[in-house]
Amino acid sequence: DGDIYLETVPENELKFYQKRGTKRKKLIPQYYSLNDRRILKSVRDWSYWLDLSFSLCGVRLGWGGIIGLIPGIGDVICLALSLWLIRKATGIDGGLHNSIKVEMTTNTLIDFGIGLIPFVGDFINIAYKANTRNYQLLENALLNHYPNHVFSETQVLVDSNHNTKMINKDSITLDSI
């Protein structure tokens with residue numbers, strides 16, 4: 001499944017009623033500062049709500065896609081929500097690098113511009129998922145912000161190409177992957 005918000009529950013954490021392959025929200029690493037964990041969780045939850053809340057005939061869409069259908073004002077509301085998420089993301093400890101802010105803003109403006117095309121633009125927006133792209137940029141920025149973390153247990157990392165990598169307690173740092 002290509003859902004970057006979910007991870008498979010490890011077998012040793014399964015409840016008696018869960019079967020192998022059960023999914024849960026991806027855990028936020030505990031070695032992030034409290035502020036960074038709060039921001040990442042908030043951006044994750046809002047991005048999911050805006051981009052992936054529903055499944056309709058096999059197509060994942062969120063409230064952003066529905067709001068965007070409102071002529072004229074819908075795309076402006078979605079733009080405002082997306083810009084608010086970017087502003088929230090800049091609150092991480094140490095701030096967000098300018099190149100990442102530019103990339104996030106570009107994603108949002110592309111989403112807005114496409115949404116201005118009547119009807120067809122709304123369907124392209126549903127597929128583009130700018131908020132999910134921005135969440136992934138924030139998640140990767142935080143992984144790079146904490147490069148020297150020593151792992152105390154097994155961690156699952158997801159890179160920008162959705163490849164997963166298991167890192168266990170024998171690994172020294174994120175730099176070693």
Side-chain angles (χ1 to χ4, degrees), residues 1-55 58-65 81-97 99-101 103-104 107-108 111 126-177:
D1 190 330
D3 194 334
I4 65 165
Y5 298 99
L6 301 176
E7 66 184 1
T8 302
V9 178
E11 287 190 41
N12 63 334
E13 295 179 25
L14 288 172
K15 308 288 187 231
F16 72 91
Y17 54 86
Q18 295 175 315
K19 59 183 177 182
R20 197 177 309 175
T22 298
K23 301 282 187 179
R24 69 177 176 202
K25 280 186 181 178
K26 188 188 300 184
L27 299 178
I28 295 173
Q30 292 299 306
Y31 57 87
Y32 289 1
S33 71
L34 180 60
N35 178 57
D36 288 352
R37 288 194 314 258
R38 285 181 177 159
I39 289 172
L40 185 62
K41 181 185 182 316
S42 178
V43 171
R44 177 192 66 192
D45 293 348
W46 275 97
S47 296
Y48 187 87
W49 186 81
L50 287 167
D51 287 349
L52 297 169
S53 298
F54 310 105
S55 181
V59 177
R60 298 287 303 271
L61 71 145
W63 284 103
L81 289 169
S82 294
L83 291 174
W84 173 72
L85 282 179
I86 293 170
R87 185 167 180 255
K88 182 179 265 300
T90 62
I92 63 171
D93 294 344
L96 201 56
H97 195 276
S99 64
I100 297 171
K101 284 188 240 181
E103 195 171 349
M104 288 177 153
N107 285 335
T108 299
D111 189 56
I126 289 169
Y128 187 69
K129 300 183 186 336
N131 297 300
T132 296
R133 291 170 187 258
N134 290 344
Y135 162 71
Q136 194 166 19
L137 288 169
L138 175 62
E139 186 178 44
N140 289 337
L142 285 172
L143 282 173
N144 291 329
H145 185 73
Y146 293 93
N148 296 320
H149 172 71
V150 177
F151 291 96
S152 58
E153 56 187 274
T154 300
Q155 300 278 334
V156 178
L157 300 178
V158 181
D159 68 16
S160 60
N161 296 321
H162 302 289
N163 298 317
T164 58
K165 186 173 231 178
M166 294 292 292
I167 304 297
N168 63 36
K169 63 183 175 190
D170 300 324
S171 299
I172 298 173
T173 67
L174 283 174
D175 295 337
S176 65
I177 57 173

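Along the sequence shown, residues are numbered consecutively beginning with 1.
- Between Leu96 and Met104 there is a side-chain heavy-atom pair separated by less than 4.5 Å.
- Side chains of Leu81 and Leu85 form no contact here, defined as non-hydrogen atoms less than 4.5 Å apart.
- With hydrogens and angles ignored, the 3.5 Å screen pairs no side-chain donor or acceptor of His145 with any backbone N or O of Tyr32.
- Between Ile28 and Arg44 there is a side-chain heavy-atom pair separated by less than 4.5 Å.
- Counting heavy atoms from C-beta outward, Asp36 and Tyr146 have side chains that approach closer than 4.5 Å.
- Every residue two or more places apart in sequence or in another chain was checked for a ring-ring contact (aromatic ring centres under 6.0 Å, His included) with Tyr128, and none qualifies.
- Between Pro10 and Arg24 the shortest side-chain heavy-atom distance falls below 4.5 Å.
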Exercise for review: Determine, stepwise, if the pair Lys23 / Thr8 fulfils side chain to side chain contact (heavy atoms under 4.5 Å, CB included).
Suggested key: CA-CA 4 Å; Lys23 301 282 187 179; Thr8 302; 3.3 Å; yes
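- A donor-acceptor pair under 3.5 Å links the side-chain atoms of Asn35 to the main chain of Gly91, judged by distance alone.
- For the atom pair CD of Gln30 and CG of Leu34, the computed distance is 9.5 Å after rounding to the nearest 0.5 Å.
- Nearest heavy-atom pair across Leu14 and Lys19 is CD2-O, 3.8 Å.
- Pairing each heavy atom of Ala130 with each of Asn107, the nearest pair is CB-O, 3.5 Å.
- Closest of all the heavy-atom pairs between Trp63 and Ser53 is CD1-OG, 3.8 Å.
- Within 6.0 Å of CZ in Arg87 there are 12 or fewer heavy atoms belonging to other residues, nucleotides or ligands.
- A distance of 7.5 Å separates NZ in Lys15 from CD in Glu13, rounded to the nearest 0.5 Å.
- Looking at Asn134 and Ser47, their side chains never come closer than 4.5 Å, going by heavy atoms from C-beta outward.
- Between the side chain of Ser42 and the backbone N or O of Ile39, no donor-acceptor pair lies under 3.5 Å.
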**Study point:** Trace of the side chain to side chain contact (heavy atoms under 4.5 Å, CB included) decision for Val59 with Phe54
**Key:** CA-CA 8 Å; Val59 177; Phe54 310 105; over 6 Å; no
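- For the atom pair Glu139 CD and Gln136 CD, the distance stands at 6.5 Å (nearest 0.5 Å).
- Between the side chain of Lys26 and the backbone N or O of Ile4 there is at least one donor-acceptor pair closer than 3.5 Å.
- Separation of atoms CG (Asn140) and CD1 (Ile100) is listed at 8.5 Å; rounding is to 0.5 Å.
- Using a 4.5 Å heavy-atom threshold, the side chains of Asp45 and Tyr5 count as separate.
- Residue Arg37 places its CZ atom among more than 12 non-hydrogen atoms of other residues, nucleotides or ligands, all under 6.0 Å distant.
- Asn131 approaches Ser82 most closely through the heavy-atom pair OD1-OG, 2.9 Å.
- Annotation: the span from Arg60 atom CZ to Asp51 atom CG amounts to 10.0 Å, rounded to 0.5 Å.
- Atom CD of residue Glu103 and atom OG1 of residue Thr108 lie 11.0 Å apart, to the nearest 0.5 angstrom.
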